[in-house]
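Okay, so here's the structure we're looking at.
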Amino acid sequence: MLHTLTITQAHAKLKKKDISSEELVRACIDRTEAVDKSINAIVHRSFDRALLEAKKIDEQGVTSHPLCGIPYFAKDVYCEEGVPTTACSNILRNKNYCPPFDSTTTKRLKAAGAISLGKTNTDEFTMGASTETSCYGVTRNPWDTTRVAGGSSGGSAAAVAADEAFFALATDTGGSIRQPAGYCGMTGIRPTYGRTSRYGVMSMASSLDTIGPICKNIEDLAIVLQAIAGKDTMDGTTSDTAVPDYHATLKNGVKGMKIGLPKEYFIDGMNSEVEGAVREAAKALVSLGATMHEISLPHTKYATPCYYVLCPCEVSSNMARYDGVRYGHTVENPADLLDYYVRVRSEGFGPEVKRRIMIGTYALSAGYFDAYYRQAQKIRTLIKQDFMEAYKKVDVIISPVSPTPAFKVGAHENDPVAMYLEDVFLDGQVMAGIPALSVNCGFSNDQLPIGLQIMGPQWGEETVLRAAYAYEQATEWHKQKPSL
Ligand code: GLN
C-alpha cells in the first residue's frame, strides 16, 4: 500500500531506509497499471526511465529534500527532454513530438530528486473543463467513473486521487488546477502570476497561464510549491519577490484571520449541497478563531465573459507556431504553402482549438479590437481593483470552486458555453493574477467531492496555505479515498 502514502509520510520512510525510492516507483507503476484502465489519466509512461533514476537515487542515498526519490506525473504540456509531450493534440501526437529540452519546473523537481513517471491527460492545449477535448479521450472521475474528473488538468487530479503518484503538475489558465482538484477531492494551487516559471510549458494564454501542483493534502502542496517557485531567468514574467518558507508558517493557525465571503459568489440557483458545504466550512474556520466578513466584488459577473475574450485572443497568437513546418503533424503533396498550412491545421487541431483561434482572431481584428480586446482589458483592471479593495479589509476570501459537483461525461457535449460557465468562480482570480487553491470541504449525497476555494492577495500563498491547512486538519474529508 505504499502508493497511498503522502509525500511527507513517504519521505520519512525513505530517510529511515524502511523503503527505497525504487519501491515507491514500482508501487506507483503497479497501481497505475491496475487502475488507469478505468480512469484514463495517463497518456505517456516513462516507467523504465523512472526506475533507472530511482535506482540511482537509492545508490547515492536519499537527501534531506522532501521530494528526493518521490515519483510524480506531469500534465502533457510540460516539456521534458526526450519524453513525448503532445498537449493531447493530434497536431503534436501524430509525429510523437519529443521536446529537446526540460521545462524549468521539471528541471527544478529533478534537481530536488523527484522522479517523473510520465504525462497526464488534459484538454487539447488545456482548452476545456473536462478533458473531453483531449485526442486521447476523456479522463474519468475516480469517485464515479460515469463522471468527468474536471479539466483541463483532469488527468493530473484523477491520477493523484487514484494514488497513481504522490503528486502531479498541472496548469491553471482559467481554473484548470482548482476545478479538477475540487472534482476529485484533491488539493491544488494556482500561484500568483509570476511566482512559478512557465518556461517549457506549452502556452495557451501567456498572460493568464500559471504553473502549480495537485496533491493529496496541504502540507504536500506547500512542499511542491516551495520546490518550484521563484524567479527564473528563462521566463521574464517571473518575479524576484522572495519566496517565503511555506512550511515555517503552515501550522500557525487562523486565530484572528479575517476571511471574506463575497456575496457575488453565492448566486441564485446554486447547487444547495455545494452552498451548504462551503457555508459549513466557513463555520469551521470561525470555530478555529477566524472572523467572517461579507464582502463585495462588484465586477465578478464580468470575469468569465472577459476571460473568454482575452483567452482566445492569446490562443490565436500562441497557436500560430503549430504550422507543421518545424515539428508536429505534416501532410503530403500540398498544392502550395497556403494549402500546406490549411491542411496541417485543419487536420491537426480539434474543434475547441479552432473555435478559439477564430474567436480570438476576430476579437483582435482592426475593426473589433477596441470593442472586444481593449474593453476586456479595461474590465480586467476593474476586477483586479475589486480584489485589491477587498484585501484592505480581509486576509483571504473563500468561495465554492465550482457551482456543482463533477458532471456526467458528455453532459456539456455540443454546448461550449455551458462548458465555459464551469469557470464562473475561477476567472476573477485569473484576471487579478492572485493565488487561489482548492481544498476538499465535503461530499454530495452521491459521494462526489466538493471543493472550497481559498484566495489570497498577490504573493499571499503563505496565508492561503495556512488557512487551508488549519481547515484541513480540523476536518476528515481529505482522508477519504475513492474505491477503484
Ligand atoms: N476551462 C477553462 C478554459 O477552457 C480553463 C482552462 C485552463 O485553465 N487551462 O479555458
Side-chain angles (χ1 to χ4, degrees), residues 74-78 87-89 120-134 138-139 148-157 168-183 188-191 193 196 198 201-214 303-319 349-360 363 376 380 401-404 406-407 411-413 415-438 451 453 455:
K75 187 174 178 175
D76 195 29
V77 286
Y78 282 80
C88 296
S89 173
T120 59
N121 201 13
T122 162
D123 283 288
E124 184 174 6
F125 284 103
T126 82
M127 299 178 207
S130 65
T131 69
E132 287 167 296
T133 72
S134 162
V138 68
T139 292
V148 300
S152 60
S153 313
S156 293
L169 291 175
T171 64
D172 189 311
T173 305
S176 282
I177 289 179
R178 294 161 287 158
Q179 184 252 26
Y183 276 4
I189 187 163
R190 171 191 172 93
Y193 183 84
T196 44
R198 292 177 294 110
V201 180
M202 293 169 184
S203 309
M204 162 150 79
S206 310
S207 83
L208 312 169
D209 295 345
T210 55
I211 301 310
I214 293 178
T304 297
C306 186
Y307 172 87
Y308 280 100
V309 171
L310 295 177
C311 173
C313 287
E314 296 192 29
V315 163
S316 73
S317 153
N318 269 324
M319 294 299 121
F349 287 139
E352 183 58 30
V353 174
K354 288 178 186 160
R355 181 178 300 119
R356 292 196 196 198
I357 292 173
M358 286 190 283
I359 294 172
R380 182 180 190 171
V401 171
S402 305
T404 63
F407 53 91
H412 298 331
E413 218 170 21
D415 190 353
V417 175
M419 193 68 91
Y420 296 168
L421 288 172
E422 270 297 305
D423 316 350
V424 66
F425 301 139
L426 304 171
D427 291 329
Q429 308 75 28
V430 171
M431 294 300 123
I434 56 172
L437 62 70
S438 85
Q453 176 166 229
M455 317 157 217

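All ligand and atom numbering here is 1-based and tracks the order in the structure. Not measured: the values here are computed from a predicted model.
A distance of 12.5 Å separates OG1 in T131 from CD in E124, rounded to the nearest 0.5 Å.
In terms of the salt bridge (Lys or Arg N to Asp or Glu O under 4.0 Å) criterion, residue partners of E352 (sequence neighbours excluded) are, by chain and number, R355, R356. Applying the salt bridge (Lys or Arg N to Asp or Glu O under 4.0 Å) criterion to R380, with sequence neighbours excluded, gives no partner residue.
In this pair, Y308 and Y420 present their aromatic rings parallel. The plane angle is below 30°, not in the 30 to 60° band.
No side-chain donor-acceptor contact under 3.5 Å links T210 to the backbone of Y193.
Closer than 4.0 angstrom to ligand 1 by heavy atom are T126, M127, G128, A129, S152, D172, T173, G174, G175, S176, M204, Y307, Y308, R356, D423, sorted by chain and number.
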Let me check something: any side-chain donor-acceptor pairs from residues 425-432 under 3.5 Å, sequence neighbours excluded? List them with distances.
unit_1, atom_1, unit_2, atom_2, d
D427, OD2, T304, OG1, 2.9
Q429, OE1, R178, NH1, 2.9
Q429, NE2, Y265, OH, 3.1
Q429, NE2, F425, O, 3.1

